[in-house]
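What follows is a set of notes on a single structure, which appears directly below.
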Amino acid sequence: MDFKFTEEQVMIRDAADAFLLAEADSAAVRTAMASELGYDPAFWRALCDQMYWHVAHIPEQYGGLGLGYVELCIVMQAMGKRLACAPFFSTVALAANGLLLAGNEAQREQWLPRIAEGQTATLAFHGGGRAWDATAVSGEFTGSGDTYTLNGDYCYVVDGHSADLLLIAARNSQDQHELALFMLDADTAGIERQWQATMDQTRKQASLSLSNVTVAGNARLAGCQADGSTLDTLLDLACIALAAEQCGGTDAILRQAVAYTQEREQFGRTIASFQAIKHKAADIALKSEVAMSAVFYAACVADEYLAGSAGDGELAAQLPEAAAMAKAYCSDAYFFAAGNAMQMYGGVGFTWEYDAHLYFKRAKSSEVLLGNGAWHRERIATGLLGPANGGET
Amino acid sequence: MDFKFTEEQVMIRDAADAFLLAEADSAAVRTAMASELGYDPAFWRALCDQMYWHVAHIPEQYGGLGLGYVELCIVMQAMGKRLACAPFFSTVALAANGLLLAGNEAQREQWLPRIAEGQTATLAFHGGGRAWDATAVSGEFTGSGDTYTLNGDYCYVVDGHSADLLLIAARNSQDQHELALFMLDADTAGIERQWQATMDQTRKQASLSLSNVTVAGNARLAGCQADGSTLDTLLDLACIALAAEQCGGTDAILRQAVAYTQEREQFGRTIASFQAIKHKAADIALKSEVAMSAVFYAACVADEYLAGSAGDGELAAQLPEAAAMAKAYCSDAYFFAAGNAMQMYGGVGFTWEYDAHLYFKRAKSSEVLLGNGAWHRERIATGLLGPANGGET
Amino acid sequence: MKLSFDTADEQFRTEIAGWLANNLSGEFETIRFRGGPGDEHMFGEERKRWEQQMAQGGWTCVGWPEEYGGRGLSIEQQVIFHEEYARAGGPGRVGHIGEGLAGPTIIEFGTAEQKQKYLPGIRNGTELWCQGYSEPSAGSDLANVKTKAEYDQGRQAWCISGQKVWTSLAHESDWCFVIARTDPQSQRHHGLGFFLVNMHQPGVEVRPITQLTGTSEFNEVFFDQALAEDILGEPGEGWKIGMALLGFERGVSTLGQQMAFQNELDEIIALARRNGAAQEPDIRQRISEAHIGLRLMRYNAMRMLSGPADGSLDSAALVYKLHWASWHRSLGKLAMDVLGSEGELLMEPPYELSRLQSLFLFTRSDTIYGGTNQVQRNIIAERGLGMPKEPRG
Amino acid sequence: MKLSFDTADEQFRTEIAGWLANNLSGEFETIRFRGGPGDEHMFGEERKRWEQQMAQGGWTCVGWPEEYGGRGLSIEQQVIFHEEYARAGGPGRVGHIGEGLAGPTIIEFGTAEQKQKYLPGIRNGTELWCQGYSEPSAGSDLANVKTKAEYDQGRQAWCISGQKVWTSLAHESDWCFVIARTDPQSQRHHGLGFFLVNMHQPGVEVRPITQLTGTSEFNEVFFDQALAEDILGEPGEGWKIGMALLGFERGVSTLGQQMAFQNELDEIIALARRNGAAQEPDIRQRISEAHIGLRLMRYNAMRMLSGPADGSLDSAALVYKLHWASWHRSLGKLAMDVLGSEGELLMEPPYELSRLQSLFLFTRSDTIYGGTNQVQRNIIAERGLGMPKEPRG
């Protein structure tokens with residue numbers, strides 16, 4: 001037991017903070033978020049070519065660095081601090097994780113090197129409605145063996161309008177209980193993609209419409225469990241990465257708001273000297289610390305999960321709960337922090353000019369994405385208390 | 001529209017405050033609460049003989065003063081301020097209201113004068129479980145016309161061990177959908193009564209066990225609707241009276257806590273000068289004001305309800321919602337106030353010697369009695385959104 | 001205590017409702033429900049014409065004495081007027097600063113000539129007003145006035161130099177009242193004057209502030225040797241007059257504001273029923289809580305308007321801002337949570353928000369402008385509960 | 001980062017678990033799970049014998065260096081020790097003030113003679129300690145020490161006069177450490193001494209404080225010319241030593257405390273499953289939240305114990321008290337709400353509380369003693385975030 005960063009991890013963190021301080025300042029974020037693409041391709045190239053973040057936790061045989069999930073979360077946290085705009089979460093935490101979980105050797109060798117080259121990717125699974133697990137999949141596939149055809153509408157696809165590669169979840173049109181994952185090029189015939197403008201402009205969403213999209217048999221990821229459990233595990237891993245980002249945002253907005261209150265004077269004092277302001281900051285600081293523990297506990301669990309054969313080990317078995325705890329806690333902590341920070345800023349906090357609203361909107365969008373606090377708490381409640389409504393769910 | 005106390009109402013309030021300041025100080029409350037009876041009979045006699053509170057809203061033809069529900073709530077509020085111990089709520093807001101709602105002329109003439117003489121009374125309806133409406137009734141009756149037999153166990157009966165008269169709710173053992181109310185002497189054969197020690201010692205509860213209790217036909221209140229709606233209305237009226245008491249307690253504990261913080265010094269200042277303390281007090285003050293509006297709005301509604309033939313008038317139709325709003329809001333406001341007041345007191349707040357814990361326990365017990373905030377909010381949600389679970393409840 | 005309106009008042013309700021139904025149509029159909037908070041910058045021209053339509057019907061300044069062109073309505077009828085106006089979807093009144101603030105202040109403190117000069121334009125909807133209160137370095141610390149007034153012997157008039165902020169409708173307005181320092185040696189609330197300034201002159205510049213919604217309800221106003229047409233009262237009386245003006249702000253119009261809130265809540269309820277959120281227990285509780293909060297806000301306002309006989313006018317009024325601002329901010333969050341994942345998707349690029357999205361974002365300013373929640377809590381604690389003032393730096 | 005324990009540590013876990021299973025039986029069966037917070041006054045004699053049983057097994061002072069009779073356990077093994085102790089239901093340790101506070105302080109600041117004199121009694125469980133820190137007029141303002149120490153030339157010793165408060169286990173203890181003012185001219189944290197006082201002398205009087213539970217975990221201790229057997233360090237060093245002592249308080253034992261919390265939460269979960277509360281959505285969310293809060297408290301503590309390499313040891317430690325105290329108070333409320341109406345009914349008259357009822361009431365003190373939540377927030381804001389100190393009066 002040694003629950004602190006190693007020296008190497010501290011170096012990774014410091015390097016990440018320094019890189020993003022230079023490359024993802026407020027002006028850069030504002031330029032990127034105003035574009036439909038949503039990020040600066042030069043920044044993405046720098047992130048890949050200089051920092052190798054996109055392959056941090058991808059095993060070395062596929063062109064990656066072979067680091068762990070803790071390291072990935074350190075990077076996510078750093079990006080969350082700066083609201084850095086890049087197709088990083090979608091490419092790494094959604095698509096690459098999907099390949100690691102469900103691709104066979106050949107499929108990993110087919111696709112992961114393309115990610116390592118800097119191509120972007122994402123996951124499309126959500127068919128609408130209020131659920132954020134495998135039950136949300138409504139797209140369908142037909143066929144078997146050599147060729148499959150995909151149909152359906154997908155929403156809330158992160159970076160879906162710009163990704164080079166798509167990981168698609170779909171149900172067997174003949175048997176709704178059979179769920180599969182397909183990896184394909186985004187320019188495959190029959191795919192229409194539409195950018196959806198979002199309240200949080202720093203992360204882009206798209207809707208996808210698939211009409212008779214035909215793919216070869218090997219597009220179907222071989223290791224995907226038909227019962228949806230693989231997709232749920234993928235979403236758990238994504239939750240942990242997203243929670244790390246939220247944790248970074250919580251810390252950053254706290255520090256920025258505190259710095260502002262140290263300068264701003266009212267009634268002849270800095271407003272930081274008012275107990276109401278101090279106690280708001282202290283309450284955020286508490287949540288920020290606990291969020292940090294939640295994220296890196298969950299990251300350790302994810303590390304063990306990905307290291308062992310899936311499901312082995314006491315710690316690895318905690319993945320669903322660890323992910324739910326991290327996402328529930330960090331979602332609420334971030335929104336709490338960003339909302340209270342805006343109050344600490346006072347009038348300037350709700351102007352476009354100051355960055356407080358960017359954090360506030362990001363807090364809300366990442367709270368909703370992959371399920372909010374109540375959603376994940378109910379998952380945990382089911383484990384502790386049995387299903388709601390006496391099992392009728 | 002004139003939503004303020006009349007001059008007469010102000011006089012009633014001031015007289016009530018003055019009477020209770022003299023007769024229900026902390027020492028008196030502590031003596032009364034330590035006894036099994038739960039109140040000082042001399043205090044009850046003074047309350048009846050000097051103040052006529054027990055008949056305030058009973059029509060003159062039955063020996064009452066013929067005042068309204070607003071006046072009753074003014075008295076309840078005053079008693080709530082002092083935590084006054086008396087079988088007042090049970091006798092007036094439960095039993096007398098039951099007779100007003102469901103008794104025919106002969107039944108009112110039979111029983112109300114006994115209450116006017118100072119006899120105490122209460123309602124027994126709850127058979128256990130977590131519901132606080134007519135569905136909670138599990139006691140049963142058999143017979144019809146001339147004679148009825150009652151059987152069943154009743155819990156959470158306010159002042160049930162000491163009341164002279166009992167209003168009993170029961171279901172037809174042959175038809176669970178038929179609900180009736182019976183008024184009887186508490187010493188009727190077959191009734192066992194057991195005082196239950198409670199965390200809040202200022203209001204006593206008992207459990208009742210009825211074994212083949214035989215009563216005459218006229219014990220069954222003639223105006224009671226078989227579908228339970230009369231009992232629900234009775235509980236609504238009781239909720240409003242209880243909310244008035246909670247409103248009084250909220251105001252009193254706020255004022256006491258503020259006074260304490262004005263005296264107590266730490267770090268060289270009165271603790272009242274710390275913003276954290278001031279803002280806690282301000283948040284309670286807000287809730288206290290809104291609670292006041294909730295109670296007297298609901299009291300006006302009850303006035304109209306009791307004045308007209310039941311169900312007439314736009315305002316009268318708001319009774320269930322007004323009662324639910326008042327009980328939900330005041331329950332939470334009182335607990336919020338008492339809990340935060342204890343924090344404002346600091347160390348002495350959790351000693352037996354100071355009164356803060358008496359308010360805290362009363363806040364909790366009256367929150368639970370007749371249904372807590374969540375229970376009443378769900379009632380309102382059903383009105384706004386339809387029943388939960390698509391009507392399957 | 002009496003909550004119902006009498007027959008004459010109900011007849012008045014029919015009259016105004018009828019006039020609105022007849023007049024809020026045709027060219028004005030498009031501005032129904034528009035121009036409220038978060039939308040104040042929209043449809044300036046149409047709303048100016050509507051102001052004059054109102055004036056022709058005799059429906060501006062209904063609470064003013066008849067000698068100044070008002071209707072001298074009773075409090076009850078003013079309540080009814082504002083309720084019906086909001087219920088009919090009457091647009092945000094561009095004349096409200098003149099009618100509700102400038103006018104009453106001129107009536108109380110102005111000379112006969114000043115009344116003659118300014119009141120008819122307000123009454124007739126031809127001259128619009130804005131307010132010059134807050135300053136950038138002041139925020140909630142209103143007395144921190146840096147704007148200067150110097151008497152220019154050449155121009156024979158006071159000249160204003162400085163900057164005001166959070167001035168809504170500034171670019172639509174003909175006049176602005178400005179608090180400025182007449183005595184350069186003075187501090188805080190001493191040595192101030194209350195000036196009436198024509199906006200159409202070279203020394204006045206209006207710059208919109210873009211908010212987190214991407215829209216600009218508020219402005220900065222720069223005065224550079226701008227001529228003040230008049231001073232109200234004497235130099236040095238500015239603070240007294242300004243405080244009196246703020247007193248006019250809390251009035252019967254709050255009930256109209258509440259009807260607008262009701263429209264928003266109704267939209268949320270309809271949405272929840274449509275998209276299934278109405279079946280989520282958390283949403284049910286929160287919608288219920290919002291409903292209760294709004295209903296009780298109404299009764300709180302009615303107590304406030306009914307006057308001081310119950311001894312607590314002041315406290316009911318003191319809590320009003322904190323209550324509605326906190327409630328409204330919660331409503332904004334509720335709206336987003338009912339929207340769920342759809343809440344992220346904008347109406348159109350680049351940043352076209354739906355009404356509920358705008359509600360979510362704009363309500364973050366409610367707890368800041370017009371005195372932050374923290375300042376409101378200080379006021380409640382200090383003025384309402386007699387707790388010590390904050391020490392100054 | 002590594003969360004799992006290594007093999008040697010797991011073997012150690014087996015050892016201590018086995019010893020506890022063998023020894024916490026027979027005469028000690030009755031004190032399992034007893035004597036914790038809210039129950040500290042119970043089973044004094046049995047728990048003293050248990051302390052000696054522990055000592056004979058070599059299980060007292062396990063973190064002390066071996067030269068003073070400890071086991072010199074690593075942090076990991078101390079964590080395991082405390083976890084297993086709590087898991088087995090080990091009773092509240094009457095020796096914990098000596099082992100955790102007095103002993104480490106004497107080890108750090110005592111002379112060789114003092115170590116010789118005091119440490120063996122602590123180690124062997126034969127001499128119990130209590131603390132004389134707080135004073136009635138001080139509360140959270142620890143430096144406000146009024147207790148005096150005067151050097152009595154006749155008795156050749158320091159003599160203590162004054163009053164301490166909130167001293168748990170005072171009537172069971174043989175020794176008390178007392179902070180007292182050696183320089184009568186000094187103020188606040190200057191001029192204090194740290195004294196070791198024998199409780200068995202005429203000048204020491206212990207008076208229990210009855211709390212809202214009706215029980216007396218805490219005491220007042222009056223010193224009237226009581227002889228101090230020793231002074232630790234020099235006169236004037238009392239504050240430095242006292243602060244160092246408080247530093248020992250936050251340590252590995254927190255993980256044992258968390259296991260006790262887990263036992264409470266488990267009881268609540270079992271109750272909710274039994275009485276149907278587990279089907280109430282609000283209860284489900286809150287149980288889930290409590291579970292998450294406790295799990296994350298554990299990982300926060302492990303970060304704290306793993307040391308400062310991640311740069312945030314201090315902040316994780318700073319928030320610890322606020323976190324557990326707030327969490328525990330919420331748990332108490334949750335317990336009552338799961339109990340529902342049954343929560344009012346006591347085990348027996350006059351005031352015998354069940355464990356969950358006691359939890360509800362006693363946890364109100366958690367946010368007060370050992371530094372109120374307000375003081376904790378000040379500390380976090382000032383030390384953790386660098387915000388300004390509160391002005392003194």
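Per chain, numbering begins at 1; letters A, B, ... match sequence-line order.
Contact check for B/Q205 versus D/L345: side-chain heavy atoms found under the 4.5 Å cut-off. The closest side-chain heavy-atom distance from B/F350 to D/L361 is not below 4.5 Å. Side-chain contact check for D/L212 versus B/K361: some heavy-atom pair is nearer than 4.5 Å. Using a 4.5 Å heavy-atom threshold, the side chains of D/T210 and B/E353 count as separate. Residues B/E367 and D/D337 have side chains in contact (heavy-atom distance under 4.5 Å, counting atoms from C-beta outward).
For B/I277, the part lying under 4.5 angstrom from a heavy atom of chain D is the side chain only. In this structure, the portion of B/F274 lying under 4.5 Å from any heavy atom of chain D is its side chain and not its backbone. Proximity to chain B (any heavy atom under 4.5 Å) is shown, for D/N378, by neither the backbone nor the side chain. With a threshold of 4.5 angstrom between heavy atoms, D/P350 approaches chain B through N, CA, C or O but not through any side-chain atom. Residue contact with chain B, scored on non-hydrogen atoms closer than 4.5 Å, involves the side chain of D/F218 exclusively. If you measure heavy-atom distances from D/P281 to chain B, you find no contacts under 4.5 Å at all. Proximity to chain B is limited to the side chain of D/E280, based on heavy atoms less than 4.5 angstrom apart. Using a 4.5 Å cut-off between heavy atoms, D/A277 touches chain B through backbone and side chain atoms alike.
Shortest non-hydrogen contact noted between B/T351 and D/W166 is CG2-CH2, 3.7 Å. Nearest heavy atoms, B/W132 versus D/S341: NE1-OG, 3.1 Å.
In this structure, D/K333 satisfies the cation-pi test against B/F335, with its NZ or CZ atom closer than 6.0 Å to the six-membered ring centre and inside 45 degrees of the ring normal.
For the options D/E352, D/Q211, D/E344, heavy-atom pairs under 4.5 Å to chain B are most numerous at D/E344. The greatest number of non-hydrogen atom pairs below 4.5 Å with chain B, out of D/Q357, D/R377, D/R329, is found for D/Q357. Contacts with chain B were tallied for D/V165, D/L346, D/L353; D/L346 has the most, counting heavy-atom pairs under 4.5 Å. By number of non-hydrogen pairs under 4.5 angstrom with chain D, the leading residue of B/R264, B/H126, B/Q201, B/E265 is B/R264. Ranked by heavy-atom pairs shorter than 4.5 Å toward chain D, the options B/E378, B/K364, B/M342 are led by B/K364. Looking only at heavy-atom pairs under 4.5 Å with chain B, the residue among D/S216, D/S365, D/G214, D/S134 that has the most is D/S365.
Defined by atom type and a distance below 3.5 Å, a donor-acceptor pair is present between the side-chain atoms of B/Q343 and D/Q374.
Ring geometry for B/F360 versus D/F360: interplanar angle under 30°, hence parallel rather than tilted (30 to 60°).
Rounding to the nearest 0.5 Å gives a distance of 15.0 Å between CH2 of B/W352 and CD1 of D/I209. With rounding to the nearest 0.5 angstrom, the CD atom of D/E342 is 3.5 Å from the OH atom of B/Y156. The structure places OG1 of D/T372 at 9.0 Å from CD1 of B/I271, a figure rounded to the nearest 0.5 Å.
When atom types are taken as modelled, the side chain of D/R364 and the backbone of B/G349 share no donor-acceptor pair closer than 3.5 angstrom.
Under a cut-off of 6.0 angstrom, the local environment of CD in B/E36 is crowded, with over 12 non-hydrogen atoms contributed by other residues, nucleotides or ligands. The neighbour count for D/K148 NZ, taken as heavy atoms of other residues, nucleotides or ligands under 6.0 Å away, does not exceed 12.
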For this session: Take B/R130 and D/N275 through the test side-chain contact (heavy atoms from CB on, under 4.5 Å) and record every step on the way to the result.
Result: CA-CA 9 Å; B/R130 298 176 73 85; D/N275 78 357; 3.4 Å; yes
